[in-house]
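Contents: one structure, followed by commentary.
Side chains are part of it too, since the values below use all heavy atoms of this structure and drop only hydrogens, waters and symmetry mates. Throughout, residue positions are numbered sequentially from 1 according to the sequence presented.
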Amino acid sequence: MRYGPAVRRRKLGAELRRLRDLAGLTSGEAAHRVGWHQSKISRLETGHSGAKSADVVRLLDVYGVADPELRALLEALCGGGAEDPEGSRRGWWYAYRDLLPPAYRDFISLEAEAARARSLETTVVPGLLQTAGYARAVTRAALPELPASQVEALVEVRIARQSVLRGARPLRLHVVLDEAVLRRAVGGREVMAGQLRHLLTMGELGQVRLQVLPFSRGMPIGITGPFIIFSFPRISDLDVVVLDHLTSSLYLERKEDLRMYASAFETLCANALPYEDSLHFIAAIGEGA
């Protein structure tokens with residue numbers, strides 16, 4: 001288990017090494033072309049040093065990488081898209097950098113660049129599908145000492161994150177919701193009724209797939225906590241599992257971990273209600289909310 005920034009450094013380094021090999025360059029030759037010492041190339045490729053967005057851009061130029069999608073993804077992995085003041089681009093969350101802890105900024109940047117997300121939710125509706133009222137109630141419950149102004153700022157961030165579900169290349173989101181998520185009256189009756197209606201609306205989007213795991217199906221596997229698997233365009237080796245904890249998130253990057261969680265998700269989907277039945281199930285709960 002590693003924290004997000006370390007995972008990103010390792011994955012970025014491995015991809016930079018692969019691109020250097022494809023360009024037919026040794027680490028010494030690459031260093032000479034960008035005017036660095038060879039040790040800097042080595043530290044970047046092993047993940048021992050972080051990379052600035054500008055450094056990644058220079059290496060990609062030297063390696064002849066022209067694909068804009070790949071360049072954008074690798075810049076995001078170095079963190080420059082969100083935080084590097086010298087970076088070529090900044091994510092929308094840069095404006096909230098003083099409020100958001102590094103782990104959350106890291107999570108948002110990965111979410112923004114992912115092509116696909118598979119998630120099990122056992123406690124609350126996932127952030128990408130929350131209404132403002134529901135997000136406000138969750139934030140107040142999790143951070144009761146936070147001033148109202150900061151609560152509202154975090155709600156703004158939660159809603160802004162949902163932009164990944166729209167646009168030219170939206171995130172493909174597949175969520176398995178435990179029935180408890182739908183039964184838990186977060187924020188009171190009115191807020192929860194609105195949230196259930198919103199789930200039905202979001203479930204109609206082609207890029208969003210919802211499945212409900214009802215109480216009657218039990219828990220088919222040993223995983224009892226929520227998780228999310230991010231997959232990235234064209235580079236399967238960048239996939240990562242994120243486990244949320246009270247004060248931090250843990251990232252799993254080993255291939256065996258990815259296989260285990262991917263298999264677990266398939267099992268959950270097989271045991272959950274089919275898509276159409278899940279929407280009917282949500283609607284029925286909403287009618288009684």
Write down the atom of Ala137, the atom of Val186, and the distance for their closest heavy-atom approach. CB-CG1, 3.7 Å
CG (Leu129) and CD (Gln195) are apart, to the nearest 0.5 Å, by 7.5 Å
Do the side chains of Leu120 and Tyr261 get nearer than 4.5 Å, heavy atoms only? no
Verdict with supporting geometry, Leu74 and Val65, side-chain contact (heavy atoms from CB on, under 4.5 Å): CA-CA 11 Å; Leu74 296 182; Val65 178; 5.8 Å; no
Main-chain N/O of Gly225 paired with Thr122 side-chain donor or acceptor, under 3.5 Å: no
Under the side-chain contact (heavy atoms from CB on, under 4.5 Å) test against Leu143, which residue among Val138, Leu154, Val151 passes? Leu154
Residue pair Glu15 / Leu19, side-chain heavy-atom distance below 4.5 Å: yes
Name each donor-acceptor pair under 3.5 Å that joins a side chain in residues 265-275 to protein atoms two or more places apart or in another chain, with its distance.
from   : atom 1 : to     : atom 2 : distance (Å)
Thr267 : OG1    : Ser263 : O      : 3.1
Asn271 : ND2    : Thr267 : O      : 2.8
Tyr275 : OH     : Gly203 : O      : 2.4

For the pair Leu243 and Tyr251, evaluate side-chain contact (heavy atoms from CB on, under 4.5 Å) and give the outcome as yes or no after the intermediate values. CA-CA 6 Å; Leu243 308 178; Tyr251 293 66; over 6 Å; no
Non-neighbouring partners of Ala160 that pass side-chain contact (heavy atoms from CB on, under 4.5 Å), sequence neighbours left out: Trp92
Sequence neighbours left out, what passes ring-ring contact (aromatic ring centres under 6.0 Å, His included) with Phe107? Give chain and number order. Phe230
For residues 112-171, which residue pairs pass the ring pair (Phe, Tyr, Trp, His ring centres under 6.0 Å) check, not counting sequence neighbours? none
Would you call Ser119 and Phe227 a side-chain contact if the rule is heavy atoms closer than 4.5 Å? no
Qualifying side-chain hydrogen bond (donor to acceptor under 3.5 Å, both in side chains) pairs with a residue from residues 179-188, counting only residues at least two apart or across chains: Glu179-Arg183
Applying side chain to side chain donor-acceptor pair (under 3.5 Å), can you list everything that pairs with Gln38, at least two apart in sequence or on another chain? Ser27
Check side-chain contact (heavy atoms from CB on, under 4.5 Å) between Glu145 and all other residues, then give those that pass, not counting sequence neighbours. none
Whether Arg105 side chain and Leu100 backbone form a donor-acceptor pair below 3.5 Å: yes
Minimal heavy-atom distance between Leu205 and Arg166, with the atoms involved, is CD1-NH2, 4.4 Å
Any Glu253 side-chain heavy atom under 4.5 Å of Leu258 side chain: no
If only atom types and distance count, is the side chain of Glu287 paired as donor or acceptor with the main-chain N or O of Ile282 below 3.5 Å? no
Testing the basics here: between Arg158 and Ala135, what is the closest heavy-atom pair and its distance to 0.1 Å? CG-CB, 3.9 Å
Interatomic spacing from CG in Leu146 to OG1 in Thr139 - rounded to 0.5 Å: 8.5 Å
Under a 4.5 Å cut-off applied to non-hydrogen side-chain atoms, are Val208 and Leu210 in contact? yes
Side-chain donor-acceptor contacts of residues 168-176 below 3.5 Å, not counting sequence neighbours, with atom names and distances?
from   : atom 1 : to     : atom 2 : distance (Å)
Arg169 : NH1    : Glu69  : OE2    : 2.9
His174 : NE2    : Gln211 : OE1    : 2.9

Show every salt bridge (Lys or Arg N to Asp or Glu O under 4.0 Å) that has at least one partner inside residues 26-45, sequence neighbours left out. Arg20-Glu45, Lys40-Asp55
Nearest heavy-atom pair of Thr46 and Arg17: which atoms, and what distance? N-NH1, 4.4 Å
Any ring pair (Phe, Tyr, Trp, His ring centres under 6.0 Å) involving residues 26-69? Give me the pairs, sequence neighbours left out, ordered by first then second residue. none
Pair listing, salt bridge (Lys or Arg N to Asp or Glu O under 4.0 Å) test, anchored in residues 124-140, at least two apart: Arg136-Glu152
Indicate yes or no: at least one non-hydrogen side-chain atom of Phe281 is less than 4.5 angstrom from one of Asp277. no
Quick one: are Ile228 and Val241 in side-chain contact, heavy atoms under 4.5 Å? no
Listed partners of His198 passing side chain to side chain donor-acceptor pair (under 3.5 Å), at least two apart: none
With a 4.5 Å cut-off on side-chain heavy atoms, are Arg71 and Asp61 touching? yes
